[in-house]
Every structure is written in structure tokens, then in C-alpha cells.
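Below: one structure, written as C-alpha cells.
So you know, we letter chains A, B, ... as the sequences are listed, proteins then strands, and number each from 1.
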Amino acid sequence: MLNEYDHKKIEAKWQKYWETKKLFAAADKSDKPKYYCLVEFPYPSGDGLHVGHPRSYTAIDILARKRRLQGYNVLYPIGFDAFGLPSENYAIKTGIHPSITTQKNIETFTRQLKALGISFDWSRVIETTDPKYYKWTQWIFLQMYKHGLAYKAKIPINWCLSCKIGLANEEVVGGVCERCGGIVEKREKEQWMLKITKYADRLIADLNTVDYLEKIKTSQINWIGKSEGVNFKEKVKDLDIEFEVYDSIPQTFLAQTFTVIAPEHPLVEKLIKGTEYEKPVREFVKKIKDQKAENRFELENELEGIFTGRYVDNPFGTGDFPIWVASYVLADYGTGIVNCSAHDQRDWDFAKKYSIPLKIALLPKDKKLAEKVKNLEVFYRELDGILQEPEEFKGLSWDKAREPVIRYIEKHKLGKPQVNYKLRDWVFSRQRYWGEPIPMVFCQNCKETGASPDGWVPVAERDLPVKLPDVKKYEPTDNGESPLAEITSWVNTKCPVCGGPAKRETDTMPNWAGSNWYFLRYIDPKNDKHLADSKKMEYWAPVDWYNGGMEHTTLHLLYSRFVYKFLWDIGAVPKNCGSEPYQKRTAHGMILGEGGVKMSKSKGNVINPDQVVTELGADTLRVYEMFMGPFDQAIPWDTKGVIGVRRFIEKVWTIYNGGVKIVPEAQKDLVFLTNKTIKKISQDIETQNYNTAVSALMILANKIIEIGSMDKDVAEVFLKILSPFAPHITEELWEQLGYKKSISCQEWPQFNSALIKEEEVELVVQVNGKFRDRIKVSPDVTEQRVEILARESEKVNKYLEGKVVKNIIFVPGRLINFVI
RNA sequence: GUCAGAGUGGUGAAAUUGGUAUACACGCUAGCCUUAGGAGCUAGUGCCGCAAGGCAUGAGGGUUCGAGUCCCUCCUCUGACACCA
């Protein structure tokens with residue numbers, strides 16, 4: 001009678017074993033080399049674990065388990081990023097305190113994660129909502145403030161009408177609020193800002209020192225959007241107004257003929273005041289603003305503008321530029337004012353529409369085309385265009401002229417070089433309850449005495465954390481203040497500087513605040529003196545391998561690199577940890593619902609991991625998620641595919657439970673394939689080709705069954721290389737083989753390169769590149785010998801008969817090709 | 001529109017990185033077994049063709065002895081960002 005495969009019993013047994021033996025707790029002191037691998041910690045939502053979570057966690061678990069077998073001291077921690085809107089919105093709806101909901105959700109997540117058999121170090125769990133944790137989140141804010149990186153500014157922000165909070169540019173998706181999908185309008189509001197732009201250059205440059213997927217580097221670079229150009233100094237004719245105009249391609253400055261200004265620009269009002277243009281321009285500005293507010297603004301459709309009646313006193317002496325208000329100009333990029341020439345498609349279209357005269361700076365080499373361009377018949381902007389002015393650079397191409405023209409502009413004091421970034425400083429204030437309070441107070445007295453020019457005073461470090469008080473209502477107040485503003489007993493406090501009455505900042509931090517630095521806290525999660533002990537950081541930091549979603553590339557990943565760099569700069573992170581937090585960053589693809597659409601409750605296509613674990617087992621779920629397709633690609637869930645993997649797991653069970661005999665003598669074919677498989681699995685784990693790794697394991701299992709017997713070495717190796725993927729069943733079978741010590745404490749097998757050297761290889765014979773036959777030869781056979789053997793083949797001869805062989809291509813170990 | 005990525009059987013996908021296209025799985029077909037099954041076993045399964053053989057990696061061109069892989073043009077999808085001067 002065969003032993004039945006009972007995944008429930010086996011998985012519960014080994015999960016308990018790992019937990020009681022503390023097998024995966026990382027040691028802070030060890031002779032072994034360290035390895036720190038990390039996955040993005042989850043937000044514990046009320047929906048429970050998504051099947052997407054195990055994809056990333058299993059992948060890095062495989063790595064962690066392999067590294068342990070390879071002799072590393074591995075840190076693979078987990079925690080919860082628990083501040084956030086869903087809990088707060090739930091509290092608004094139900095009146096249940098977010099901390100209660102959060103604790104409940106964390107319990108669910110913990111149970112679900114443990115059921116997956118992921119080798120997390122559960123002794124280091126952190127929660128961003130724990131005051132002992134956010135004490136240090138607040139501490140980091142104070143350091144930023146003290147180093148001039150946190151400042152309060154009244155700036156136009158994205159205001160979500162329904163959430164009643166300010167959003168970072170990065171959080172507005174398609175003109176609407178990323179969280180609620182509500183209308184976003186521009187509103188002026190005092191906000192705490194973090195000066196990430198100060199780090200922009202380093203955030204680009206240091207990408208050279210890390211091993212990130214190329215597409216991650218590219219999207220960070222594009223997000224930061226560094227652009228080097230020139231700021232021209234200009235003056236409005238007949239008015240005492242000066243301003244600057246940014247141009248990222250200043251080579252063509254002598255062709256500029258008009259100037260456009262953003263409708264929202266404060267200067268617009270000054271330009272038109274008291275003139276006949278006042279009324280129509282105001283109406284136009286209002287129209288555009290309204291369109292933008294209602295999100296009806298489609299740029300591609302409409303280029304609209306209106307003349308202000310004013311001119312720029314042209315510094316280049318080529319005629320004054322009329323100033324137009326144009327719908328397509330952004331108020332918050334560059335200076336909000338742009339000089340236009342015929343070399344930008346939009347400017348060209350705009351000028352055509354309103355019959356504004358244009359000049360040409362670049363002419364193509366092609367004479368016919370040059371004539372058309374000159375007559376303004378066609379739009380032209382090419383890198384190999386020839387510059388016409390200024391005279392001393394005439395004949396240079398656009399890209400070659402760039403540097404000399406910039407120097408020329410500087411020399412003639414027409415403007416100065418200016419670097420602009422697409423990246424904005426980070427709006428760090430939220431008018432919300434469920435976040436870390438910003439540890440600042442406002443003191444009128446200190447403002448008056450000048451102790452603090454703007455009245456803002458940091459809370460003393462010894463008074464951290466500033467704990468989040470209980471409130472009765474969780475809604476933001478009607479004027480947009482955080483619900484904290486209504487708790488006067490909390491708001492009214494003493495100024496840490498003068499001791500006089502002061503008021504607390506009632507804004508809280510965004511949900512990225514806690515995830516900026518969490519990987520440092522795992523190193524020393526219970527430290528109450530520092531965010532983490534220096535010695536421990538020196539040992540563990542930086543993270544060796546960090547995996548997460550592609551969607552976090554430009555927000556979380558960039559923000560946390562910035563915060564880490566800052567902490568490193570001020571010495572809060574030891575110098576020898578290096579200036580980058582993550583040595584390697586990879587990204588996993590999403591798991592979609594069946595049919596390739598996103599899983600969502602409303603579509604009813606959500607797969608519950610609990611159910612899969614209960615019915616088919618964690619090992620099956622893990623192996624399936626690794627097998628389903630390329631790791632970095634979005635893949636639809638396939639219920640039938642899971643069953644295929646379950647069959648494989650059962651097959652493995654059968655092999656070790658009477659299906660295959662363990663015999664003393666080694667089987668040559670099997671030893672060969674086993675060694676090849678060790679090599680493949682070892683490589684595939686490093687390159688994240690988990691799907692082909694699983695397929696290799698299946699091929700080996702099929703081979704073992706086909707042969708019907710295996711020696712003990714093969715029996716052991718197979719379990720060892722399968723164990724990172726399917727840890728429970730392999731532990732059980734390992735024990736069945738008679739071993740007392742867990743398979744998690746063994747050594748990762750080495751392949752024997754002598755054994756994977758083939759004694760005979762199959763060589764392909766081609767005629768004119770077409771496959772005709774294959775012949776078996778020894779690997780070091782000579783070309784002459786192969787040619788003779790190939791010509792002996794009838795199939796080949798058929799094609800060679802009566803033909804002249806012009807050439808023979810011979811690739812050792814691969815093929816011979818007759819060219820006739 | 002910009003940037004990035006991708007198009008291979010009925011499906012998810014492999015392809016030693018320029019060298020036998022379709023590994024491994026799912027599904028399907030036939031047979032066996034079973035009281036029954038998300039069960040098991042055996043054989044088959046890219047397309048056309050009785051066969052010999054021919055044709056197939058989004059379309060078209062090119063480089064090469066040889067292209068899924070490299071180059072050019074185009075088409076289609078996916079994701080991110082929205083007027084970035």
C-alpha cells in the first residue's frame with residue numbers, strides 16, 4: 001500500500017518545525033558571509049493576500065534558501081506597511097479605529113504568509129504604524145529639516161476634491177486621483193516639501209554603481225528627466241518687468257520670433273492690467289483653467305492662445321517678440337514662459353494657426369527640402385540640420401553647435417546655463433489622520449523674536465515619537481485640515497525652544513514615509529536608541545537583492561534611494577555601507593485573472609491563495625507561480641495549469657514512495673542528466689528563469705520514472721535542488737530517506753563538470769543552411785572526419801549529388817553546412 | 001504624443017544568445033483501466049500532403065553559408081508618463 005501524499009499534514013508539520021527550531025532567523029554574528037535579500041513588504045489590506053504576493057516572495061525565498069544551502073548567513077525579513085488610505089476610509093465608513101482594522105489584517109496576512117512556507121525571519125517583523133517604529137520615521141524628518149531639506153512652501157498642489165488631500169504630481173494618474181479616481185484641481189496650500197531635487201544628479205549618476213534591471217534604470221533616469229539648457233534674461237517692452245525664459249535647445253535662439261506664457265502664470269495679470277486686452281485675456285485664462293479643473297483638457301486636440309498686447313524687448317536685436325498666452329504651456333516646468341521658433345512642432349502649429357511670423361535656424365542638407373523649409377512650407381527639426389545663425393557658427397550641425405552656442409550666449413550675457421529636472425520636490429504633507437504626525441510645532445513667539453523666522457520649530461528629539469492621538473471622527477475637516485486639527489488638547493503644546501504656547505502641525509506624512517527606510521530597521525528592529533545599530537548596519541547593509549513591482553520604480557524606489565543617501569550623508573548610516581541602499585533590483589510581473597484581465601472583486605475573477613493552499617498545497621502554489629511564465633512578465637492565472645503542477649508534485653511523491661527503486665549502482669544517463677540539471681537550476685535561480693528551472697526538474701523526474709530506478713546520490717540531489725521551490729514535500733521525503741537533520745541545513749550540490757561532458761554529440765548536417773540529417777560523433781572530432789561521415793548519409797547525399805560544393809562551414813560540436 | 005517592453009502552436013511558453021524552431025506544461029484526440037473522479041496508464045498532436053517533400057516565429061525588405069535571434073521600414077498590443085520647450 002502506497003503512502004498517500006497528504007499536503008495538509010506535511011505542510012503543517014514542517015512549518016511548525018521551522019518555526020520552533022528558528023531555522024530561518026538571521027544571526028547578527030556569524031563567520032558565514034552575509035546575504036540580505038528583500039521583498040517589498042505588503043500593505044495589509046482587508047482583502048487579504050493576493051496571489052501576486054507569493055510570486056515575488058517565493059522567487060526570493062528560492063534565492064534565500066539556496067543561499068543558506070550555499071553557506072550564507074541569510075537575512076530575509078518581512079513586515080507591514082500599514083499606514084494608508086484604505087484603513088482610514090474604512091474607519092470613516094464604520095467608525096472602527098484604523099489600528100484595530102490594521103491589526104486584524106496583519107494577523108490574516110501573517111497566517112497566510114506562514115501557510116506558504118516562506119523562510120522569513122519572523123523575529124524581525126516590523127509595522128510602520130508602531131510608535132516605536134515611526135519614532136524613527138519622524139526622527140528622519142527632523143534630520144531633513146535640520147539639514148534644510150524639509151521646508152514649507154505655498155505652492156500650487158494637486159487637490160483631490162473627494163479625498164480632501166494634496167497629492168504629489170506622481171500620484172495623479174490621468175488627471176484624476178490615483179486612489180479614488182476623483183477630480184483633481186490645483187489649489188494653493190502650505191505643504192511640507194522634501195528637497196529630492198537636490199539629489200537628482202546623484203540619483204542618476206549612482207545608478208552606474210548598482211545592478212538594476214536596465215529598464216528600471218532607464219525609467220528612473222527618464223523620471224528625473226535632467227535637461228541642460230539656458231535661461232535667457234528678458235524684459236517686457238514699456239513695462240518694468242523682467243523674467244527668465246528656459247530653452248533646452250538654445251542653438252536656435254536667433255530664430256525665435258514670439259513668446260508664450262502659461263495661462264496660470266502670475267505675470268499674465270500684470271501684462272494686461274489696464275489695457276484693452278485685459279478682458280479677453282482674462283476670459284481666455286478662465287476658460288483654460290476651468291477645462292483643466294474639470295479634466296476636459298485635451299492638448300492634442302486644441303492649441304489655443306491669445307495675444308496679450310505686450311512684447312518682449314528682444315535682447316538679440318532681431319525684432320521684438322509678441323507675447324501670447326498659450327494653452328499648451330506648463331506653469332510649473334522651466335519658468336512657465338517659452339520663446340518659440342519654427343523648430344518645435346507645437347510652436348510651429350501654433351504660429352501657423354495664429355499667423356505669427358517665423359524664422360528658420362536650421363536647414364537640411366537636401367537642397368529641395370531646404371527650399372521648402374525656408375519658405376515655411378514644412379516643419380523641420382533634425383539632428384543633422386545646418387545652423388544658419390549666428391554667423392560664426394554657420395554651417396555647424398544642430399548637435400555640434402550646441403556647446404559653442406551656449407558659450408557664446410554666456411559671453412554676450414544673453415543668458416546663463418541652467419539645468420532643469422522633470423523631477424519635482426516631494427510634497428510630504430497629507431491632511432489625513434492615518435499617518436505619522438509631522439513632528440513640528442508653530443510658535444508665534446519664536447516668530448516674533450526671530451528665533452524661528454517662519455515660526456516653525458522642530459519637536460525635540462527626546463520627545464519623539466509624537467504619537468497619533470485618538471480622534472472621534474476620521475474625516476478631514478471641511479477646510480481641508482487633518483482631523484487632528486480638531487483635538488485642541490493635542491494641538492496646543494509648548495514650544496520646545498521658548499517654552500511658550502505653540503501649536504502642533506496637524507498634517508501627517510504620506511504612506512511612503514515608512515517604507516523609505518524600513519530595510520534598515522530590519523537590521524536592528526528593536527533598537528530604541530538609534531534607527532539601527534551602526535555595527536549591525538556595517539554587517540548587513542546594503543541589501544544584496546531587492547525584488548518588487550515595476551510600479552514602484554519611480555516612487556518608492558527613487559524616494560528610498562534619496563532618503564538612504566541623505567542618511568548616509570549625515571552619518572546615520574555608516575560610510576562603509578556605500579551610498580546606495582540596494583545592490584541589485586529586479587521586478588516581477590503582475591498575475592492577472594484568467595483571460596488576461598486584472599483581478600478585481602467587481603470582475604469576480606480573484607483567486608484566493610488560501611483556497612489553493614488548502615486544496616492543492618503551498619508547494620503546488622509555489623511551484624506553479626514559478627512555472628507559469630517568465631518572472632518579469634504579466635501572466636494570466638490558469639486553474640488547469642495549477643493542476644498540472646500538482647501532478648508533478650504527486651509524481652515526485654510517488655518516486656520516493658515505492659514508484660522508483662533506490663539501487664546501489666549509478667545509472668550513467670541519469671547521473672549525466674542530474675549533473676546537467678544541477679547546473680541549470682543553479683544558473684536559472686540567479687537569472688530568475690524560474691520557469692525553465694521547474695521545467696528542468698520535471699524533465700529529470702520524468703527521466704527517473706522512465707528508468708525506474710536511481711542511486712542514492714541522485715535521490716538526494718533531486719530533493720536538494722527541488723527544496724527551494726517545494727520546501728515542505730522535500731523535507732518530508734528527505735526525512736523518509738532516513739536523515740535526521742533538515743534538508744534546509746544541507747549543502748547546495750555542485751555539478752561535476754566532467755560528468756556533463758558528452759561522450760557523443762549529435763551533429764547537424766545542413767545543405768545550404770537547411771537541416772538534412774544528424775550524425776553522432778565524439779565531441780573532438782575533426783572537420784575532415786565529419787565531412788566523410790556526413791557524405792555517407794544517404795539523406796545528405798541526395799542533395800549533394802551532381803552539385804559542386806563551394807564551401808563547407810563547420811562549427812565544432814554543432815553542425816556542418818555544405819554550401820552548393 | 002514621449003519613453004519603455006512585447007508579438008512564436010488551440011493555450012502559458014522554450015530555444016545553449018546567430019546554428020535541429022515549438023523543450024516543459026495545459027488542452028485536445030484515440031485506446032486501456034476504473035463503481036466513480038480536477039484520477040491513472042499508453043500513443044498521437046504546428047500547418048499542407050497518401051507520400052516524397054514543402055511551408056511556418058506580426059508584415060515586408062536587408063546582412064549572413066545559416067535569422068525567432070542582428071539591421072531598416074511598417075503594423076498591432078501592453079505598461080509608465082502627460083503639453084517637458
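Taking the six-membered ring for Trp and thresholds of 30 and 60 degrees, A:F718 and A:Y656 have nearly parallel ring planes, at less than 30 degrees apart. Relative ring orientation between A:H556 and A:H552 is described as perpendicular, the plane-to-plane angle rising above 60° on a 0-90° scale split at 30° and 60°. Classified by interplanar angle (parallel below 30°, tilted 30° to 60°, perpendicular above 60°), the ring pair A:W324/A:Y354 is tilted.
Within the nucleic acid shown, A:S248 comes within 4.0 Å of sugar-phosphate atoms alone, with no base atom in reach, counting heavy atoms only. Within 4.0 Å of A:L815, counting heavy atoms only, lies at least one base atom of the nucleic acid. A:P630 comes within 4.0 angstrom of the backbone, heavy atoms only, and of no base. Using a 4.0 Å heavy-atom distance criterion, A:K806 is classed as making no nucleic acid contact. When heavy atoms are screened at a 4.0 angstrom cut-off, A:E615 is found touching base atoms of the nucleic acid.
Nearest approach of A:A587 to A:N547, heavy atoms of both residues: N-OD1, 3.4 Å. In terms of heavy-atom proximity, A:G629 sits nearest to A:I635 at CA-CD1, 3.5 Å.
In this structure, B:rG79 and B:rC3 make a Watson-Crick or G-U wobble pair, each of the two defining distances being under 3.5 angstrom. With both pairing distances under 3.5 Å, B:rC55 is matched to B:rG46 as a Watson-Crick or G-U wobble pair. In a base pair of the Watson-Crick type (N1 to N3 plus N6-O4 or O6-N4) or a G-U wobble (N1-O2 and O6-N3), with each distance short of 3.5 Å, B:rU11 is matched with B:rA25. Of all nucleotides present, only B:rG31 satisfies the Watson-Crick or G-U wobble test against B:rC41, with each distance under 3.5 Å. If you check B:rC84 for Watson-Crick or wobble pairing at under 3.5 angstrom, you find it has no partner at all. B:rC70 is paired with B:rG62 under the criterion used here, namely a Watson-Crick or G-U wobble arrangement in which both key atom distances are under 3.5 Å.
As rounded to the nearest Å, B:rA21 and B:rA67 have P atoms that lie 11 Å from one another. Comparing B:rG44 with B:rG9, their C1' atoms are spaced 15 Å from each other, to the whole Å. The gap from the C1' atom of B:rG40 to that of B:rG5 amounts to 43 Å, rounded to the nearest Å. Rounded to whole Å, the P atom of B:rC75 lies 38 Å from the corresponding atom of B:rC24. When the C1' atom is compared between B:rU8 and B:rU22, the two are found 8 Å apart, to the nearest whole Å. Atom P of B:rA25 sits at a distance of 24 Å from the matching atom of B:rG31, rounded to the whole Å. Comparing B:rC33 with B:rU42, their P atoms sit 15 Å apart, to the nearest whole Å. When the C1' atom is used for both B:rC3 and B:rA82, the distance is 11 Å, rounded to whole Å.
Screening A:K233, A:Q418, A:K416 for a side-chain hydrogen bond (donor to acceptor under 3.5 Å, both in side chains) involving A:E244 leaves a single residue, A:K416.
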Note to self: Walk along nucleotides 26-37 of chain B from 5' to 3' and tag each nucleotide B, S or - by protein heavy-atom contact under 4.0 Å, base first, then sugar-phosphate.
What the structure shows: SS----------
Check: Passes ring-ring contact (aromatic ring centres under 6.0 Å, His included), A:F258 versus A:F321? Steps please.
Finding: CA-CA 4 Å; A:F258 67 105; A:F321 306 161; 8.5 Å; no
Next item on the list: List the steps, then state whether side-chain hydrogen bond (donor to acceptor under 3.5 Å, both in side chains) holds for A:S227 with A:Y246.
Entry: CA-CA 10 Å; A:S227 144; A:Y246 179 70; 2.5 Å; yes
Next item on the list: Could you please spell out the steps behind the side-chain hydrogen bond (donor to acceptor under 3.5 Å, both in side chains) verdict for A:N702 and A:K651?
Entry: CA-CA 9 Å; A:N702 290 344; A:K651 207 182 266 184; 3.0 Å; yes
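A:K217 NZ: more than 12 foreign heavy atoms inside a 6.0 Å radius.
A straight line from CE of A:M550 to P of B:rC3 spans 16 Å, rounded to a whole angstrom. In this structure, CZ of A:R424 is placed 12 Å from C1' of B:rA82, rounded to the nearest angstrom. The distance from atom CZ of A:F648 to atom C1' of B:rG38 is 19 Å, rounded to the nearest whole Å. The distance between atom CD of A:Q633 and atom C1' of B:rG7, rounded to the nearest whole Å, is 10 Å. Between the P atom of B:rC81 and the CD atom of A:Q220 lies a distance of 14 Å, rounded to the nearest Å. Whole-Å rounding puts the A:I635 CD1 to B:rC24 C1' distance at 14 Å. Whole-Å rounding puts the A:W324 CH2 to B:rA85 C1' distance at 18 Å. As rounded to whole Å, 19 Å separates atom P of B:rA85 from atom CZ of A:F321.
The nearest heavy atom of RNA chain B to A:E551 and to A:F818 marks one nucleotide each, and the one closer to the 5' end goes with A:F818. Residue order along RNA chain B, read from the 5' end via each residue's closest nucleotide, puts A:A634 first among A:M590 and A:A634.
For A:N657 and A:E4, the side-chain atoms include no donor-acceptor pair closer than 3.5 Å. Under the 3.5 Å distance criterion, with hydrogens and angles disregarded, no donor-acceptor pair is assigned to the side chains of A:T553 and A:Q220. Between the side chains of A:D247 and A:Q256, at least one donor N or O sits under 3.5 Å from an acceptor N or O.
Of all the residues in residues 682-703 of chain A, A:N691, A:T692, A:S695, A:M698, A:I699, A:N702 reach under 4.0 Å from RNA chain B with at least one non-hydrogen atom.
The side chain of A:V811 sits closest to B:rG19 out of B:rA85, B:rG19, B:rC65.
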Give me, pair by pair, the N or O atoms of the protein and of nucleotides 51-53 of chain B that are less than 3.5 Å apart, along with how far apart they are.
residue: B:rG53; atom: OP1; partner: A:K798; partner atom: NZ; Å: 2.8

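The phosphate of B:rA4 has neither OP1 nor OP2 within less than 4.0 Å of any side-chain N or O from A:T218.
A donor-acceptor contact under 3.5 Å is not formed by the side chain of A:N222 with the base of B:rC3.
A salt bridge links A:E40 with A:R585: at least one charged nitrogen is closer than 4.0 Å to a carboxylate oxygen.
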